[in-house]
Every structure is written in C-alpha cells, then in structure tokens.
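Throughout, a chain's letter reflects where its sequence line sits, starting with A, and its residues are numbered from 1.
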Protein chains: 2
Amino acid sequence: MTLTRKSLRQQIKEILLTRILQGEYRPGDRLIELQIAQEFGTSQAPVRESLRELEALGFVESVPYRGARVRAVSQQELAEVYPVRAAIEEVAARTAAARLAGDVSALEAEIAAMHRAADDGDLYAQVCHDVAFHRLIVDACGNRVLQEVWRSLRIEARTLISVVKTEIEPHHLADMHRPILEALRAGDGDLAGRLLRQHVEFFGELVLKGEHA
Amino acid sequence: MTLTRKSLRQQIKEILLTRILQGEYRPGDRLIELQIAQEFGTSQAPVRESLRELEALGFVESVPYRGARVRAVSQQELAEVYPVRAAIEEVAARTAAARLAGDVSALEAEIAAMHRAADDGDLYAQVCHDVAFHRLIVDACGNRVLQEVWRSLRIEARTLISVVKTEIEPHHLADMHRPILEALRAGDGDLAGRLLRQHVEFFGELVLKGEHA
DNA sequence: CAAGAATAAATTATCGATAAACGAAAGTCA
DNA sequence: TGACTTTCGTTTATCGATAATTTATTCTTG
C-alpha cells in the first residue's frame, strides 16, 4: 500500500498529532484503537503504541480498559507553563550569552522573519518564528537536560493558543525580542537572562488576564 | 497464573525499573523483548509497551529494529540537572511560601528523619528524606506543570548517585535544609527561593568537583 | 415504577505467529 | 588480500485472533 521508510508507529503518531494540533480531533474526543487501525489499514498494535507515545507527550490521556481521549489543555495549565518557562529560559540565556560569543545573526533572522510574517498577516508563521527565537537561545546554552525540559513543555502547541487569545500588535511583538538580542550580542548573560525572564512572565500575565474562555 | 490487579504492562514496567535502579541491569545492557517475556511468562506485547514507557521516562534508549538498552547516565548529564533544578525549585519555593501559611511541620519531620537516618548510617534513607523535603516544597507550590517537570528530572535516581560520590557529613547535610525551612515558616518566599536555589547549586558544584569517575 | 441482577455490545489488553530488518559470518571475484 | 555479496541467525515490528473489562441495555422482582 503506502510507501514507508519510517515505522508505521511513527507515521501514525505524526498523523494523529497533526490532527490534534490542527483541531481536527477536539479535546475530549475518543481515539479508538481498532477504528483508527482500520482507517490506516494496519493492525491494532502500531496504533496502540502511537497512542501511548502521545500519552507520554501529554497530548492524550488514557484509562485502562477505557481507552484514550484527546487531552484538554486548561487555561490554568496554560498559565502555569509560563513561570517554569521563564525560570528555565533565564538560565538558558545566561549560559548562552558566553557561548554565542556575540554571534546573534540567527536570532536577528528570526526577528526579521517575525516582521515579515506580521506584514503578511500570517499569525501561524509569526508564532513559529517567535518560538524559534526562544529555541535558539535554549539550544545555544548547551545544557541537554535543560533543552529536553524546555521541549517537554510543548511551547509550540501552547504559544499558538496564547497568541490567538491575547491579540498583541504583531510588529510590537517582534520588537519586544530586540533588547534580549542586544544583551546577548553584548555578551551580558545576566541582563539577557533577566530580560528574557520578564519577557516570558509578561506573556504569562497576558494569558491570565485574557481569561475570557 | 499469578493473581493480578494491575495490567501486565504496569507490573513488568515496575519490575524492570527496579532492576535498573538497583543496578541489576547495568547501563548498556540489552533488554530483549522475547527473552523478558519468556521470563515473566507473558507474550511480547506487554514487555514491548513497558520498554516504550521506560524509554519515555529516560531509563532506556532504543533504536528501531535494534532493540533497547539501559541508558547510561553520564557525569555531564548529572551535572546539567542542577541548574535546571535550582531554577525550578526557586520558583516553587517562592510560591510555596504563601501557600504553606507558615505550616512547615512536614518539612520539619523530613529534617528530623534525615538526622535519624544519619545516626543509623542509612545513606539510602537519608537520600529519600532529602528528596522528600524538596518534593514537599515542589508539591506545595501548586503548579502542576512545575511539578511534572520536576518529576521528569528523576531526582530520586540521580541524587543517590550524587550523594555517594560527594561524601558530605550526613548531619551537616540535614542541617543545611534548616534555613530554607525557616524562611518558609516566616512566609518569606523570596528568601526561601534564593536559599533553595543556592542550596541546589551548591550540590551541583560538588558533583562537578567530584568528577573522579 | 425503581433498584438491582443478568445479559449484550463495544473496546482494550494480551496472545501466538509471521514478516521485516539488522548484524555477523561465510562466500565470491578482482 | 580485500572489498563486495550472500546467507543465516537473531530480534524487532506487525498481524489477526482471543480473552478480559467496561459500559449500556434488558430483564427481573419487590
């Protein structure tokens, strides 16, 4: 049937994840193993394993003998991410300052891309580049454990939700990243860390205020 | 055969985890699905799912079609945990101070238990109560995301390794927690956070220095 | 008619067997 | 000899079927 290089499990997992992130499956929807297996023309096993992985990633939750459902991300949970993010990214920026050695070209590019996306009115692209900016800093710090923890917060999936809710002027949003970039360019890790922390905390508070769900 | 209330998968996972933590399986050891299944008298499926869960938890690593091995925790990784821990626990302590409302009896009990363990020369118990002290603070902060991230660091498993390597006087170790407790009793979240951060960072540096592996 | 038992329907958990992929060892040809 | 195939044993990945469990429905019985 289909040409496969990756394992079925991997493929199914990616398809299901896409559907969850794009809202095709809504929170609370049941994900029935045999039903999905039938759709893809596979057996139950790889579907089952996919669901387990998605469970570990926090996108679905399951109860023994009762099956899996798409996990609802509560407003509270969304808000709780920010203090953790802020603390982690502060550490990342502090370490990254030295390791970047003033080379902030990649960060510069992301800010530029944010402006372009703002011009195009492409909210999705804007979020992607925003997240990429933060990820660059996290990656630059060189601490693998920190990187893994940051990824486990699934910022991509959550930022999109946040941005849609808060309605900030897009160009302003892009420019807010500049002071952080300048501090990193100057090699001032302490300052960069403090700025980044405030930056993230600022959005955390926005999300809290925007609780009109 | 045996009477079971939990799923096979859950049971197998726990047994395998115990073996890994107790060193029965050494880092790098292969975990062969059918071999384990045969030992427990089950089929391959539940073993397979157990291994996947342990992989998600970071205790084993696996490559497609090549199987799973016990993951080696490098000295570097061990050291990298501390900055992250320090940042997270600082946030936790700051928030916990208000929510505890001065009730630090549980924390008091853990310090007492550490001293008892020190008297008995029971290093394992000492580590457990040390970890419990930190966990109490993390739990008290009420931020679920923070709690989950902290747990994902698997402090229990790593602290044991660290303590064994650093050789601190046990009663002194216990007493080092007291200033944090006092700050929490006084409701001073900022101070508690700063103290806790320093406390954790201190151990991070100890681990770095103790690199005689 | 309501509470509880018994049954039926749906779905997950586990099984045993087969197919696919990998790594090592043996074989081939310049 | 040495690089490239081929073969073979091992182990994972997937399959189709069955057992176990839950939920919904129907049937009692007072």
Side-chain angles (χ1 to χ4, degrees), chain A residues 1-20 23-72, chain B residues 1-20 23-72:
Chain A
M1 38 138 177
T2 74
L3 38 151
T4 83
R5 202 76 292 258
K6 296 171 183 173
S7 68
L8 285 180
R9 186 178 86 236
Q10 201 65 15
Q11 294 179 74
I12 294 172
K13 175 184 149 193
E14 282 169 19
I15 293 175
L16 293 181
L17 183 53
T18 305
R19 290 184 179 173
I20 292 174
E24 190 170 339
Y25 293 150
R26 316 286 305 277
D29 281 1
R30 289 194 64 181
L31 300 174
I32 293 164
E33 297 178 357
L34 278 174
Q35 194 172 294
I36 296 169
Q38 199 158 20
E39 179 190 342
F40 293 137
T42 78
S43 80
Q44 190 187 352
V47 174
R48 198 176 155 73
E49 296 191 0
S50 299
L51 289 176
R52 287 271 119 69
E53 286 191 54
L54 291 175
E55 187 182 3
L57 290 173
F59 289 104
V60 312
E61 54 194 348
S62 74
V63 182
Y65 287 106
R66 288 217 269 143
R69 294 171 174 279
V70 178
R71 184 152 165 273
Chain B
M1 77 140 155
T2 74
L3 35 153
T4 79
R5 205 77 291 262
K6 296 172 185 172
S7 70
L8 284 179
R9 187 179 85 237
Q10 200 64 16
Q11 294 180 74
I12 293 171
K13 175 184 149 192
E14 283 168 18
I15 293 175
L16 293 181
L17 184 52
T18 306
R19 290 184 180 173
I20 292 173
E24 190 170 340
Y25 293 149
R26 316 288 306 275
D29 280 2
R30 289 194 64 182
L31 299 174
I32 294 164
E33 298 178 357
L34 278 173
Q35 194 173 296
I36 295 169
Q38 196 158 21
E39 178 189 343
F40 294 136
T42 77
S43 81
Q44 191 186 350
V47 174
R48 200 176 152 72
E49 297 191 359
S50 299
L51 289 176
R52 286 273 118 70
E53 286 192 54
L54 292 174
E55 188 182 2
L57 290 173
F59 289 103
V60 314
E61 54 194 349
S62 75
V63 181
Y65 288 108
R66 288 218 267 142
R69 293 171 175 278
V70 177
R71 184 151 165 274

Value in whole Å for how far the [atom2] atom of [N] lies from [atom1] of [X]:
X	N	atom1	atom2	result
F40(A)	dC15(D)	CZ	C1'	17 Å
R9(A)	dT14(D)	CZ	P	7 Å
Q44(B)	dT14(D)	CD	C1'	9 Å

### Task
Take L31(B) and V47(B), measure what side chain to side chain contact (heavy atoms under 4.5 Å, CB included) needs, and give me the verdict at the end.
CA-CA 10 Å; L31(B) 299 174; V47(B) 174; over 6 Å; no
In residues 57-67 of chain A, what donor-acceptor pairs under 3.5 Å come from side-chain atoms, sequence neighbours left out?
from   : atom 1 : to     : atom 2 : distance (Å)
S62(A) : OG     : R52(A) : NH2    : 3.4
S62(A) : OG     : E55(A) : OE1    : 3.1
S62(A) : OG     : E55(A) : OE2    : 3.1

### Query
Counting only heavy atoms not in E39(A), do more than 12 fall under 6.0 Å of its CD?
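Result for CD/E39(A): enclosed.
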### Task
Give a yes or no on whether E14(B) atom CD has more than 12 heavy-atom contacts from other residues, nucleotides or ligands under 6.0 Å away.
yes
### Task
Mark up nucleotides 5-11 of chain D, 5' to 3', with B wherever a protein heavy atom is under 4.0 angstrom from a base atom, S wherever such an atom reaches only the sugar-phosphate, and - elsewhere.
------S
### Task
Could you pull out all residues at least two apart from A45(B) that satisfy side chain to side chain contact (heavy atoms under 4.5 Å, CB included)?
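A45(B) satisfies side chain to side chain contact (heavy atoms under 4.5 Å, CB included) with S43(B) once adjacent residues are dropped.
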### Task
Name all residues meeting the side chain to side chain contact (heavy atoms under 4.5 Å, CB included) criterion together with R30(A); count only those two or more places apart in sequence or in a different chain, and write none if there are none.
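Only I32(A), R69(A) meet the side chain to side chain contact (heavy atoms under 4.5 Å, CB included) criterion with R30(A).
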### Query
So do the side chains of L54(A) and K13(A) get within less than 4.5 Å of each other, counting heavy atoms only?
yes
### Query
Who pairs with R71(A) by side-chain hydrogen bond (donor to acceptor under 3.5 Å, both in side chains), at least two apart in sequence or on another chain?
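Partners of R71(A) under the side-chain hydrogen bond (donor to acceptor under 3.5 Å, both in side chains) test: E77(A).
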### Query
Going by number, which of residues 46-63 of chain B have a non-hydrogen atom under 4.0 Å from DNA chain C?
P46(B)
